[in-house]
Protein chains: 2
Amino acid sequence: MRIGDKWTTKVLVCLRSGPRRFSELKVPLRGITPKVLTETLRALERDGMLTRTVHAEIPPRVEYELTPLGHTLFEPLAAQCAWTRANLPDLLDARDAYERR
Amino acid sequence: MRIGDKWTTKVLVCLRSGPRRFSELKVPLRGITPKVLTETLRALERDGMLTRTVHAEIPPRVEYELTPLGHTLFEPLAAQCAWTRANLPDLLDARDAYERR
DNA sequence: CTGTATCCTCGCCGATACTG
DNA sequence: CAGTATCGGCGAGGATACAG
């Protein structure tokens, strides 16, 4: 999926423990622009990974929340994390050895 | 890692059952150019995921083979496949529903 | 506050030609 | 056979400004 892009996994992590507002996502995702955050969220919404809820208030409040389907993404994500924990040192060693030739 | 790029996972699959030559990779990877295949293989070699063996023959023969470390990549890859098998229909349904609004 | 509208950069990837 | 060299398109992502 779009898991290969730059921001999607970080957005998922930020939403894991519950719904968040647009600006609550922008802060922990240091450096993301509103345009890109919107694109990322829209793509996830389009695929049913999260819901977008607009509250008719002043000032406006929009909350994003993972769907059950969205939560299933943490399964393959956990596998990637496990791989990294187990094998990143070997990868780094290989990279060092390669540089020194 | 570089698993997010266009060709890496396909190269891994092609190498899963044993060593392959440069041209034996080019055929099943329809449409890949030698430049991009070289880049992909070099990146994997650099990270210790495969070995590159040059046989001093005429014509030249170069074989690429996954290392044990390279084989471990199939673990997270399998998790992604499992996710897709289980959840792709839901994703597609969500996408359809989104389009029809 | 929650976006949209423009413009721009940069790097992946492809096409093509050529080399040891 | 197994690449390297060069050029170019294209799209993701960023900077900035503005709107509802």
Side-chain angles (χ1 to χ4, degrees), chain A residues 1-15 18-47 49-67 70 73 95 98 101, chain B residues 1-15 18-47 49-67 70 73 91 95 98-99 101:
Chain A
M1 314 297 108
R2 294 233 151 230
I3 280 191
D5 75 357
K6 184 170 180 178
W7 295 101
T8 295
T9 59
K10 293 168 185 178
V11 168
L12 290 174
V13 170
C14 288
L15 288 173
R20 292 284 182 270
R21 313 175 53 169
F22 191 83
S23 52
E24 288 174 331
L25 289 169
K26 245 188 342 193
V27 174
L29 300 171
R30 287 227 170 178
I32 197 171
T33 60
K35 167 174 163 276
V36 174
L37 179 54
T38 299
E39 288 169 356
T40 304
L41 290 168
R42 290 286 199 280
L44 287 168
E45 185 194 5
R46 180 164 165 272
D47 288 347
M49 300 300 149
L50 54 78
T51 58
R52 176 174 179 272
T53 308
V54 182
H55 297 87
E57 307 171 353
I58 304 283
R61 181 165 58 99
V62 179
E63 290 203 318
Y64 295 90
E65 181 170 21
L66 288 183
T67 62
L73 288 172
R95 205 172 275 192
Y98 189 89
R101 278 192 296 102
Chain B
M1 314 296 109
R2 295 234 150 227
I3 280 194
D5 75 358
K6 185 171 181 179
W7 295 102
T8 295
T9 60
K10 293 169 187 178
V11 168
L12 291 173
V13 170
C14 288
L15 288 174
R20 293 283 182 272
R21 312 174 53 169
F22 190 84
S23 52
E24 289 174 332
L25 290 169
K26 247 190 335 195
V27 174
L29 299 171
R30 288 225 171 182
I32 198 172
T33 60
K35 168 172 163 276
V36 174
L37 179 53
T38 299
E39 288 170 355
T40 304
L41 290 168
R42 289 285 198 280
L44 287 168
E45 184 194 5
R46 180 164 164 274
D47 288 348
M49 301 300 151
L50 55 78
T51 58
R52 178 174 178 271
T53 308
V54 182
H55 296 88
E57 306 170 356
I58 305 281
R61 182 165 56 99
V62 179
E63 289 203 319
Y64 295 90
E65 181 170 20
L66 289 183
T67 61
L73 288 172
L91 185 154
R95 206 172 274 192
Y98 189 89
E99 298 297 334
R101 277 189 301 101

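In the text below, chain A, chain B and the rest are named by the order of the sequence lines, each starting its count at 1.
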**Prompt:** Does the side chain of B:Arg42 get closer than 4.0 angstrom to OP1 or OP2 of D:dT4 through an N or O atom?
**Reply:** yes

**Message:** So A:Leu73 and A:Thr9, do their side chains get closer than 4.5 Å, heavy atoms only?
**Reply:** no

**Asked** Do B:Leu44 and B:Leu66 have side-chain heavy atoms sitting under 4.5 Å apart?
**Response** no

**Asked** What would the secondary structure line of DNA chain D be in dot-bracket form, counting Watson-Crick and G-U wobble pairs under 3.5 Å, with [ ] for pairs that cross earlier ones and | for pairs with another strand?
**Response** ||||||||||||||||||||

**Message:** Would the base of D:dG3 count as contacting B:Lys35 through its side chain, where contact means a donor and an acceptor less than 3.5 Å apart?
**Reply:** no

**Request:** To the nearest Å, give me how far apart CD1 (B:Ile32) and P (D:dT4) are.
**Result:** 13 Å

**Complete:** Whole-Å distance, B:Asp5 CG to D:dG11 C1', equals 16 Å

**Item:** 5' precedence on DNA chain C between A:Arg61 and B:Val36 (nearest-nucleotide basis)
**Value:** A:Arg61

**Prompt:** How far apart are the C-alpha atoms of B:Glu99 and B:Arg95, what are their side-chain angles, what is the distance that settles it, and do they pass the salt bridge (Lys or Arg N to Asp or Glu O under 4.0 Å) test?
**Reply:** CA-CA 6 Å; B:Glu99 298 297 334; B:Arg95 206 172 274 192; over 6 Å; no

**Complete:** Whole-Å distance, B:Leu41 CG to D:dG3 P, equals 8 Å

**Prompt:** How close do A:Glu63 and A:Pro19 get, heavy atom to heavy atom, and via which atoms?
**Reply:** OE1-CB, 4.2 Å

**Request:** Measure the distance from NZ on B:Lys26 to C1' on D:dC1 and round it to the nearest whole Å.
**Result:** 8 Å

**Request:** Take B:Pro34 and A:Tyr64, find for each the nucleotide of DNA chain C with the closest heavy atom, and name the residue whose nucleotide sits nearer the 5' end.
**Result:** A:Tyr64

**Item:** Span of DNA chain C, from the first to the last nucleotide whose atoms fall under 4.0 Å of chain B heavy atoms
**Value:** C:dC13 to C:dG20

**Message:** Whole angstroms only, please: what is the CG-C1' distance between B:Leu37 and D:dC1?
**Reply:** 13 Å

**Prompt:** At under 4.0 Å, does any side-chain N or O of B:Arg52 touch on OP1 or OP2 of D:dG3?
**Reply:** yes

**Prompt:** Of A:Thr33 and B:Pro59, whose closest DNA chain D nucleotide lies nearer the 5' terminus?
**Reply:** B:Pro59

**Request:** State which of D:dC1, D:dG14, D:dG3 makes the closest approach to the side chain of A:Lys6.
**Result:** D:dG14

**Flag side-chain contact, heavy atom, 4.5 Å: A:Asp47 against B:Tyr98** = no

**Item:** Between D:dA2 (P) and B:His55 (NE2): distance, integer Å
**Value:** 11 Å

**Request:** Side-chain contact test, heavy atoms from C-beta onward, threshold under 4.5 Å: evaluate it for B:Thr40 versus B:Lys6 and give yes or no.
**Result:** no

**Message:** Using side-chain heavy atoms (C-beta onward) and a distance below 4.5 Å, is A:Leu50 in contact with A:Leu12?
**Reply:** no

**Asked** Are any non-hydrogen side-chain atoms of B:Thr38 and B:Arg42 less than 4.5 angstrom apart?
**Response** yes

**Asked** With a 4.5 Å heavy-atom cut-off, do B:Glu65 and B:Thr53 have their side chains touching?
**Response** no

